[in-house]
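Shown next, in structure tokens, is the structure this report addresses.
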Amino acid sequence: MSSSEGLFSPGLISSTVAASFPDSYMIRPLERGDYAKGFLECLKVLSAVGDVTEEQFGERYDWMSQHGKGVHYHVVIEHEAQIVGTGALIVERKFIHNLGTIGHIEEIAIRKDQQGKMLGLKLIQTLGSIAVNVGCYKTTLGTSEANEPFYVKCGYQRDGGTMSQYY
Ligand code: ACO
């Protein structure tokens, strides 16, 4: 586990899941220095990222770190000083379901040349372990049909539909 300060306590990640990653791969909370290690490059396998400068990345990181505490849990997989995988758990505290806490799994990306090595599955297990440790009773996610078999392998099942409106 990295000694630098990250977005949240690394102790929230199950040590069993962290130890299941191959030797040269480390799972840990996102750090401010990860821009230089290709964090945004890694996310490009998922969607358009835009021209985000290091300063803009730092501002967003600082906002999450200061105002998003207890809500934003971004993790990265580091291999040979590069970010090769990332994902996020966003924690929602509700009034319904006895003040239930739900985790939303977001921004899952494994760098193209690292796909097919079970890193995605371990990444989802990592986020699941954080969800349990912060008190979520479930996690949900939205996916394309093409990725559905991956999430089924990770233990997810279809649970109604979702709708979106863009602004
Ligand atoms: N279709 C069918 N099965 C799949 C798929 C797929 N698209 N992807 C993985 N699997 C299977 C694997 O074959 C493996 O099964 P096995 O145990 O029987 O061999 C199992 O799922 C685990 O696969 P991993 O090796 O852990 O998957 P990988 O590390 O390649 O990560 C991921 C999968 C995250 C979908 C990766 O391909 C990726 O980053 N894709 C591009 C970005 C993306 O689509 N992200 C998800 C967006 S949804 C969201 O963010 C909530």
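For this chain, numbers begin at 1 and follow the sequence in order. Note that the structure is predicted; figures quoted are calculated from it, not measured. Remember, it's 1-based here, ligands and their atoms both numbered in the order they're listed.
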Which residue and non-hydrogen atom of the protein lie closest to atom 30 (O) of ligand 1, and at what distance in Å?
Gly116 N, 2.9 Å
If we number the atoms of ligand 1 from 1 as shown, the ones under 4.0 Å from a heavy atom of Ala109 are 39 (O)
Charged N-O contact under 4.0 Å between Glu148 and Arg158
yes
Residue from Val75, Val134, Val71 passing side chain to side chain contact (heavy atoms under 4.5 Å, CB included) with Phe8
Val75
Checking the N or O distance criterion of under 3.5 Å, is ligand 1 in contact with Pro149?
no
Closest contact, heavy atoms only, Cys154 versus Leu121:
SG-CA, 3.9 Å
So is Glu106 polar-close to ligand 1, meaning N/O to N/O under 3.5 Å?
no
With a cut-off of 4.0 Å, which atoms of ligand 1 are near a heavy atom of Ala146?
1 (N), 6 (C), 7 (N)
What residue and heavy atom of the protein are closest to atom 16 (P) of ligand 1, and at what distance?
Lys153 NZ, 3.9 Å
With a 4.0 Å cut-off, strictly under, does atom 12 (C) of ligand 1 pick up any protein heavy atom?
no
Side chain, backbone, both or neither: which part of Tyr151 has a heavy atom under 4.0 Å from ligand 1?
side chain
With heavy-atom distances below 4.0 Å as the criterion, list the atoms of ligand 1 near Lys117.
25 (O)
Is at least one protein non-hydrogen atom found at under 4.0 angstrom from atom 26 (O) of ligand 1?
yes
In terms of atom number and element, which parts of ligand 1 are under 4.0 angstrom from non-hydrogen atoms of Ile105?
51 (C)
Side chains of Tyr156 and Thr139: donor-acceptor distance under 3.5 Å anywhere?
yes
Heavy-atom contacts with Gly142 under 4.0 Å: which atoms of ligand 1 show up? List them by number with element.
48 (S), 49 (C), 51 (C)
Apply ring-ring contact (aromatic ring centres under 6.0 Å, His included) to Tyr151 and list each qualifying residue two or more places apart in sequence or on a separate chain.
none
If I apply the N/O under 3.5 Å rule, does Val45 come out as touching ligand 1?
no
Strictly by modelled atom types, are Tyr25 and Lys117 linked by a side-chain donor-acceptor pair under 3.5 Å?
yes
Using ring-ring contact (aromatic ring centres under 6.0 Å, His included) as the criterion, list what pairs up with Tyr61, not counting sequence neighbours.
none
Using distance alone, decide if ligand 1 has a nitrogen or oxygen within less than 3.5 Å of any nitrogen or oxygen in Met118.
yes
For atom 39 (O) of ligand 1, which protein heavy atom lies nearest, and how many Å away is it?
Ile110 N, 2.8 Å
